[in-house]
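By convention here, the first residue in the shown sequence is residue 1.
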Amino acid sequence: MADEASTRPAPARRRLSRDDRRAQLLAAAVGLAARRDLDRIPIADVAAAAGVSEGLVFHYFPTKAALVRAVVEDAAASLVADLRADRPGSTLDRLTAGLDAYLDHVERRASSWRVLLGSSDDPVVTETLARVEEATLAVTFDVLDIPAPSPVLRAAAQGFLAYERAVCLAWIDGQGAVTREQIAALLTGTFLGSLQAVATDPAVALALARLAGQ
C-alpha cells in the first residue's frame, strides 16, 4: 500500500502579484549588493537568490540597467521618505529626531542604504543619487529654518553628509565595535562644529542662537 504522504499532491506555489514579485526581485538584488557592487551582479545570481528563472527577471526588468535603476530608485525613495517625515518641535528636537530617523534607516535597511553610496556611469542612476543628496540638504536647511542657504553653508552641509555616510558605513561594518549612541554623539558634534565654522553667515549665526537657547 502506497504511503499516503507520498501520493499527496504537493501544495501549489502561491502566485505573487506583479507588485509583490517585483518587490521580491528588488529585495534579492539588494541582498546581493550587500556583498558586492550592484553593477557586477549577474542577472543569474538575482534569479537564483529569488528562486525564479532568469527569464522571469527579464520579464520585469528588460535589461540589467533597468534592474539597477529600479533598485537605486527604490532605495532612494525609501530613504527620502524617512527623512521627510514630519517632526514637530524645536530646532534641536527636529535635528535630533532627523538624525535618529537616519540612523534607524541605516540599521533597518543597511543593504538598501549601501546601494546609494556607489557611483555609476549610468546618467539615470547618477541623477537619482543627486536627487537624494538635494533632498537631504533640503531637509537639513528646512530644520535650520534657512530657506536660502549661502554657498558656504551648502559646502559645509555637503561635507558633513559625506562624513556622515563614511561614519555610518564604519558603524555598520564594525559589528558592534562602536555603539549607536557613540555614532549619534559623534555626528551631532560634527554637525554643530560645521555650523560653527561658517557662523559668519548671518543665517547660520541665527540658527546657532536658536539652538543655544534650547
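- The closest side-chain heavy-atom distance from Cys168 to Trp113 is below 4.5 Å.
- You'll find the side chain of Val68 reaches within 4.5 Å of the side chain of Asp39, heavy atoms only.
- Between Val30 and Arg114 there is no side-chain heavy-atom pair separated by less than 4.5 Å.
- A salt bridge links Arg180 to Asp104: one of the charged nitrogens lies within less than 4.0 Å of a carboxylate oxygen.
- In terms of modelled atom types and a separation under 3.5 Å, the side chain of Glu134 and the main chain of Arg131 share no donor-acceptor contact.
- Taking OG from Ser119 and CG from Leu129, the interatomic distance works out to 8.5 Å, rounded to the nearest 0.5 Å.
- Side chains of Thr96 and Asp93: a donor-acceptor N/O pair is absent below 3.5 angstrom, by distance only.
- Ala33 and Ile41 get closest at one heavy-atom pair: N-CD1, 3.5 Å.
- Rounding to the nearest 0.5 Å gives a distance of 10.0 Å between NE2 of His59 and CG of Leu25.
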Would you sort out whether Val115 and Asp74 count as a side chain to side chain contact (heavy atoms under 4.5 Å, CB included), showing the intermediate values?
CA-CA 10 Å; Val115 166; Asp74 184 70; over 6 Å; no
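- By the 4.5 Å heavy-atom criterion applied to side chains, Glu107 and Ile172 are not counted as neighbours.
- Looking at Asp122 and Arg69, a side-chain N of the basic residue comes within less than 4.0 Å of a carboxylate O on the acidic one, giving a salt bridge.
- Here the straight-line distance linking atom OH of Tyr60 with atom CZ of Arg21 works out to 6.0 Å at 0.5 Å rounding.
- The 12-atom threshold is not exceeded at CG of Asp121, counting heavy atoms of other residues, nucleotides or ligands nearer than 6.0 Å.
- The CG atom of Leu161 sits 7.5 Å away from atom OH of Tyr102, with the distance rounded to the nearest 0.5 Å.
- Across every non-hydrogen atom of Phe160 and Leu187, the tightest pair is CE1-O, 3.4 Å.
- The hydrophobic cluster containing Leu206 does not contain Val204, counting ILVMFWY residues as joined when their side-chain heavy atoms lie under 4.5 angstrom apart, directly or transitively.
- Here the closest heavy-atom approach between residue Gly89 and residue Arg94 is recorded as O-CD, 3.6 Å.
- The residues Arg87 and Asp142 are annotated as not salt-bridged, no charged nitrogen and carboxylate oxygen being separated by less than 4.0 angstrom.
- At a threshold of 4.0 Å, the pair Arg36-Asp45 counts as salt-bridged, since one of the basic side-chain nitrogens sits closer than that to a carboxylate oxygen.
- Cluster annotation: Val132 and Val124 are assigned to distinct hydrophobic clusters (Ile/Leu/Val/Met/Phe/Trp/Tyr, side-chain heavy-atom contacts under 4.5 Å, transitive).
- Put simply, the side chain of Ser111 never gets that close to the backbone of Gly31: no donor and acceptor are under 3.5 Å apart.
- Gln158 meets the side-chain hydrogen bond (donor to acceptor under 3.5 Å, both in side chains) test with no other residue; sequence neighbours excluded.
- In this structure, Leu38 and Ala29 approach most closely via the heavy-atom pair CD1-O, 4.2 Å.
- Contact between Leu32 and Ala49 at its shortest, heavy atoms only, is CD1-CB, 4.2 Å.
- Side chain of Lys64 to backbone of Ile43: no donor-acceptor contact under 3.5 angstrom is found.
- Two residues are said to be in side-chain contact when any heavy atoms from C-beta on lie closer than 4.5 Å; Phe61 and Leu26 meet this criterion.
- Taking OG1 of Thr140 as the start and CD1 of Ile146 as the end, the distance is 10.5 Å to the nearest 0.5 Å.
- Between the side chains of Thr136 and Glu133, no donor N or O sits under 3.5 Å from an acceptor N or O.
- Under a 3.5 Å cut-off, the side chain of Gln24 and the backbone N or O of Ala50 do form a donor-acceptor pair.
- By the 4.0 Å N-to-carboxylate-O rule, Asp82 lies close enough to Arg108 to be salt-bridged with it.
- For residues 196-210, there are no salt bridge (charged side-chain N to carboxylate O under 4.0 Å, His left out) pairs, not counting sequence neighbours.
- Between Val106 and Leu169 there is no side-chain heavy-atom pair separated by less than 4.5 Å.
- Put simply, CZ on Phe141 and CZ on Arg154 are 5.5 Å apart, with the number rounded to the nearest 0.5 Å.
- When all heavy atoms of Leu116 and Val72 are compared, the pair lying nearest together is CD2-O, 3.8 Å.
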